[in-house]
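Throughout, numbering of the chain's residues begins at 1 and tracks the sequence.
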Amino acid sequence: MTLTTTSNVDRYAAAEEQTVFAYTFRVDRHSHMEVSVDGAVRGGGYTVSNVGHDSGGNVAFATAPRRTGEAARTVTLRRVAPLTQSTNLPTQGALDTDALEAEVDRAAMRDQQLDEAVRRTLKLPVDSTLTDVGPPDLEGNAGRFLVVNATGDGVFWGAPAAAGAPVGAFMETLMDDPDAAAALKTLRAFLAGTAARTAAFAVATEDRGALFLCDAAGAGYAAALPAAASAGDGFAAAFRKTDGGGRAIAITPAGGDDIDGLPDLKLRHRGATAVLVSDGSRWHLASHDNVAIEYNAIDNGSFLVDQYDHVPDAGRTASRMAIDRWRFRKSGDARAVFTVSREVDGGTDGKSNWLKALCATADAAPAAGAAHQLRQGIAGNDLLAFAHPPGGTFAGGVLSMDVVCHASVPRPPYTVALGLRVAGGTREYAGEATVGADGAWERVRVVIPADAAATLGPSTDAAAFVFVGLHAGPDRQATANAWGTYAGDGDGGTAAARNWASAAGDYLGFTNVKLQPGQIATPYVPRDYAEELRTCQHYAFKFRADSGAAGMCAVGQAYSSGAAQFVLPLPTELRAAGGAVTVSGASHFNVWPATLTDKSRFSSLASYGAGTSSIRLNGSGASRNNLAAGNACLMTTGDTRAYIHVEADIS
C-alpha cells in the first residue's frame, strides 16, 4: 500500500440541509477522522465511509450541520493520525512487509499532519538566523501583548511601544477593547457616548466628547464647563435640551472664561444644541442649533416688527421721529435734512427689512451745535445684565456692538460712528466702523471697552441708548474709539467719521443690530416675530382704526356731562411710565353714551400716571354735553388717521 495524496484536510462551506461531505485522503481508522463545524470538534453524530481507501470517501451527518435559515457554517474534515507506533516487527523469521509498509504510511501521514499545522503558525523568514524565539510563560500576562524587544532578537509580554517610548496605562485600556465602539468610548471621541442629566452638573475632563442630554422639566440648572486651560486643546463637549419646557440650561465656563465673548450660553427650547470646543485658552461655539444667544439688548434689531409708523412724534419736537424701536434725533443747525424709513425690500442675504437714513437736503459743512443721530434706548434690566457685578459699575464689562449695513455712495469706504451712552447721560463711547460702498451689505462692529466712570445702577440705567451717527458739527464730534463725557443732546459722529449729509441722495442702511458682552460678536440670531413683538410691547403699544371704519378702543365711565375716563388694557406690563398721543388731535376720537344716541367729541386727550397693566385716558371739553355721570360709555375712532400710541420712553 502507498500514500498518493499530499493533503490531510478538506474544508466546505456547508449548504442548508447538506449532510454528506467528501474527503479526498486515506484514513486507516474511523477514529483517525477529525470532524469540526466552525472550529468545534464533533464527538459523534456522523459516519465515515471507505475507511482505508486511497481515494477517500464520505462523512455523513445524521443531522445537517446547517439547517434551513441558519447562518453560514464551515465543515472541516481532517486526518489526525496517532503519534504512537504499535506494530511489533520480529527480530527473526519472515518480515511482515504489509505491516512495515503500513507503519511507513502512518509516518508519512504524521508528516503531512505536522506540515499542515506548521503552515498555520507564525514563522521567521527563511533567511533569519534567529533561533529559539518564542513567547514567555502565559501565566500572569492576561490582557497583555506580545512585543519585540529593543534588540530585535526576542519577544516579551507587555504594552506596545510607539517611537521607542512605552505606551502608558491608558493606551493599554484602549488596546484591550473588543471592538471599535468600545475603543471610541474609551477615547471619549466626539459623540462616542451620551450622558443624561436632570440637575446641575460639572463637566469633568474625562467627559471629553460626551453628548449631554439635559432635561430641565423640573427646574433650570447650570452645566459647568472646566476652565479651557485644564480641558486642553481639542476638548469638546455637546449639550442638547430634551424637554419642551421654558426652563433654561445655562452652560457656564469655569476660571473666568467665556464662550466666544459670552459669559454663558443658554438652551431654552426643545432640541437646542451646542457644541463647544476648547483651544486650551478659551472656549469656542463650534456649532449650534436653536440656541438663545443671550444678552442682545437691542429690541427689534432686525426690524422684524413694524410697530411704529414713520411719523413725527407730537409729544416732542417735530425733529424727533420714531421708526420701529429707533428714534431719529436732530439738534442745532437744521440745514441738513434726513428722511428715515423702514425698507421692506432691496436687502440682501435675507435682510428684507432694514432702516434707511436718506439725506434729502445736503449740508457739507455742519455748523456748531448740529447733529443727527439714530438711537435706541436700552431697558434697564437688559443693561444691568452687562454690569460686573450686576447693578454695579461697568468697569468689568466689554461689549461688542454689531451691525449689518451698507452705504449708497460710490466712493472709497467711509466710517460710521457706532456708540453707547450710559451712566445717567454722563458717559458715552463712540467707535468708528468702516462701511463699504455701492450697497454691499457687510457686517461691521466696534468693541466697547470697560469704563470705570460709567455706572449701571438702577437710578441711571434708563438713560442708556446705542446710537448710529450721521451728521456732526465741530462741537458734536466725539473722540473716536474712546469713552468721553456725553455732550448735551448727543454727538452725531467722530472727528474722522463720514458726514452722511454731504450730498443729497446719500444714505446709510442698516439692520441686525446687536449689543452683547465680550470682544467677539457671535452670529446674529433674530427672535421670531411673536417673541420680538412681545419684547417690543414692553415699551410701546398702538391702537389704530382700520380702513375708515370706526374702531372700538375701550369701554369706560362718564364722570361728568363732558368728560369720561377709560382704561385701555395693554398687552404687557410697561417697564416705565407711559404716555398717550394722537396723530393729529383728539377730535378723531368719539365718546358714545350708554344709550348710543349721540356722541361727544374730545378736544384733548391726556394720560395721568403709569399703570402696571393699563393706562387711564381722560377726555374733556366735549362738543355735546350728553354724558351722564356714572354711566358706561364707549370710545371709538372716527378717522383712519387716529391712533392711540402708548409709550414708555427710555431714551
**Prompt:** Between Leu3 and Gln112, is any pair of side-chain heavy atoms under 4.5 Å apart?
**Reply:** yes
**Request:** Any chance you could measure Arg240, atom CZ, to Asp215, atom CG, to the nearest 0.5 Å?
**Result:** 13.0 Å
**Prompt:** Does the Thr511 side chain pair with the main chain of Asn353, one donor and one acceptor, at a distance under 3.5 Å?
**Reply:** yes
**Request:** Name all pairs fulfilling the salt bridge (Lys or Arg N to Asp or Glu O under 4.0 Å) condition that reach into residues 2-19, sequence neighbours left out, sorted by first residue then second.
**Result:** Arg11-Glu116, Glu16-Arg66, Glu17-Arg67
**Asked** Looking only at heavy atoms, which two atoms of Ile259 and Pro253 are closest? And how far apart?
**Response** CG1-CG, 3.5 Å
**Asked** Side chains of Val59 and Met33: closer than 4.5 Å at any heavy-atom pair?
**Response** yes
**Item:** pair Phe239-Leu211: side-chain heavy atoms closer than 4.5 Å
**Value:** no
**Request:** Please name the pair of heavy atoms, one in Phe156 and one in Val148, separated by the smallest distance, quoted to 0.1 Å.
**Result:** CE2-O, 3.8 Å
**Item:** Residues which pass side-chain contact (heavy atoms from CB on, under 4.5 Å) with Val20, listed by chain and number, not counting sequence neighbours
**Value:** Asn58, Ala60
**Prompt:** Among all residues two or more places apart in sequence or in another chain, which pass the side-chain contact (heavy atoms from CB on, under 4.5 Å) test with Thr6?
**Reply:** none
**Request:** Say whether, by atom type as modelled, one donor and one acceptor occur between the side chain of Arg26 and the main chain of His53 under 3.5 angstrom.
**Result:** no
**Message:** Regarding Asp243 and Arg270, does a basic nitrogen lie under 4.0 Å from an acidic carboxylate oxygen?
**Reply:** no
**Request:** Write down the atom of Ile249, the atom of Ala216, and the distance for their closest heavy-atom approach.
**Result:** CD1-CB, 3.4 Å
**Prompt:** Should Asp28 and Val51 be marked as a side chain to side chain contact (heavy atoms under 4.5 Å, CB included) after you check the CA-CA gap, both sets of side-chain angles, and the distance that decides it?
**Reply:** CA-CA 6 Å; Asp28 293 338; Val51 172; 5.6 Å; no
**Asked** Are Phe25 and Tyr23 close enough that their ring centers fall under 6.0 Å?
**Response** yes
**Item:** Residues Ser400 and Asp402: side-chain donor-acceptor under 3.5 angstrom
**Value:** no
**Set of ring pair (Phe, Tyr, Trp, His ring centres under 6.0 Å) partners for Tyr221, sequence neighbours left out** = none
**Item:** Ala13 versus Gln18, closest heavy-atom pair with distance
**Value:** O-OE1, 4.3 Å
**Prompt:** Judged by atom type as modelled, is there a donor-acceptor pair below 3.5 Å linking the side chain of Gln113 to the main-chain atoms of Leu83?
**Reply:** no
**Asked** Say you draw a straight line from CD1 of Ile251 to CG of Leu285; how long is it, rounded to the nearest 0.5 Å?
**Response** 8.5 Å
**Request:** Enter the distance from Thr273:OG1 to Lys241:NZ here, rounded to the nearest 0.5 Å.
**Result:** 11.5 Å
**Request:** Could you tell me whether the side chain of Ile448 reaches within less than 4.5 Å of the side chain of Leu515, counting heavy atoms only?
**Result:** yes
**Prompt:** With sequence neighbours left out, what residues match Ala228 under side-chain contact (heavy atoms from CB on, under 4.5 Å)?
**Reply:** Asp257, Ser278, Trp283
**Message:** With rounding to the nearest 0.5 angstrom, report the CZ to CZ distance, Arg208 to Phe235.
**Reply:** 7.0 Å
**Item:** Candidate pair Asp207 and Phe212, rule side chain to side chain contact (heavy atoms under 4.5 Å, CB included), full reasoning
**Value:** CA-CA 10 Å; Asp207 290 328; Phe212 293 100; 3.9 Å; yes
**Item:** Reference residue Val513; test side-chain contact (heavy atoms from CB on, under 4.5 Å); the match among Asp299, Val403, Asn300
**Value:** Val403
Indicate every side-chain donor-acceptor pair of residues 37-46 with a distance under 3.5 Å to a residue at least two apart or in another chain.
| unit_1 | atom_1 | unit_2 | atom_2 | d |
| --- | --- | --- | --- | --- |
| Asp38 | OD1 | Thr74 | N | 2.8 |

**Item:** Check: Cys214 main-chain N/O paired with Thr242 side-chain donor or acceptor under 3.5 Å
**Value:** yes
**Asked** Which heavy-atom pair separates Asp153 from Thr151 by the least distance, and what is that distance?
**Response** OD1-OG1, 2.5 Å
**Message:** Within this structure, what is the NE2-CZ distance for the pair His32 and Arg79, rounded to the nearest 0.5 Å?
**Reply:** 10.0 Å
**Prompt:** Rounded to the nearest 0.5 Å, what separation is found between the CG atom of Leu265 and the CG atom of Leu267?
**Reply:** 6.0 Å
**Prompt:** Just checking, any donor-acceptor pair under 3.5 angstrom between side chains of Arg106 and Gln85?
**Reply:** no
**Request:** Please lay out, stage by stage, how Glu442 and Val404 fare under the test side chain to side chain contact (heavy atoms under 4.5 Å, CB included).
**Result:** CA-CA 5 Å; Glu442 58 186 324; Val404 177; over 6 Å; no
**Prompt:** Would a 4.5 Å heavy-atom cut-off, applied to side chains only, mark Val35 and Phe21 as touching?
**Reply:** no
**Message:** Between His406 and Phe510, is the side chain to side chain contact (heavy atoms under 4.5 Å, CB included) condition met? List the steps.
**Reply:** CA-CA 6 Å; His406 74 99; Phe510 64 92; over 6 Å; no
**Prompt:** Can you find a pair of side-chain heavy atoms, one from Arg78 and one from Asn8, that are under 4.5 Å apart?
**Reply:** yes
**Complete:** Heavy-atom closest pair (Val446 atom, Gly431 atom, distance to 0.1 Å) is CG1-C, 3.7 Å
**Request:** Decide yes or no for Val9 and Leu77: does some side-chain heavy atom of the first lie under 4.5 Å from some side-chain heavy atom of the second?
**Result:** no
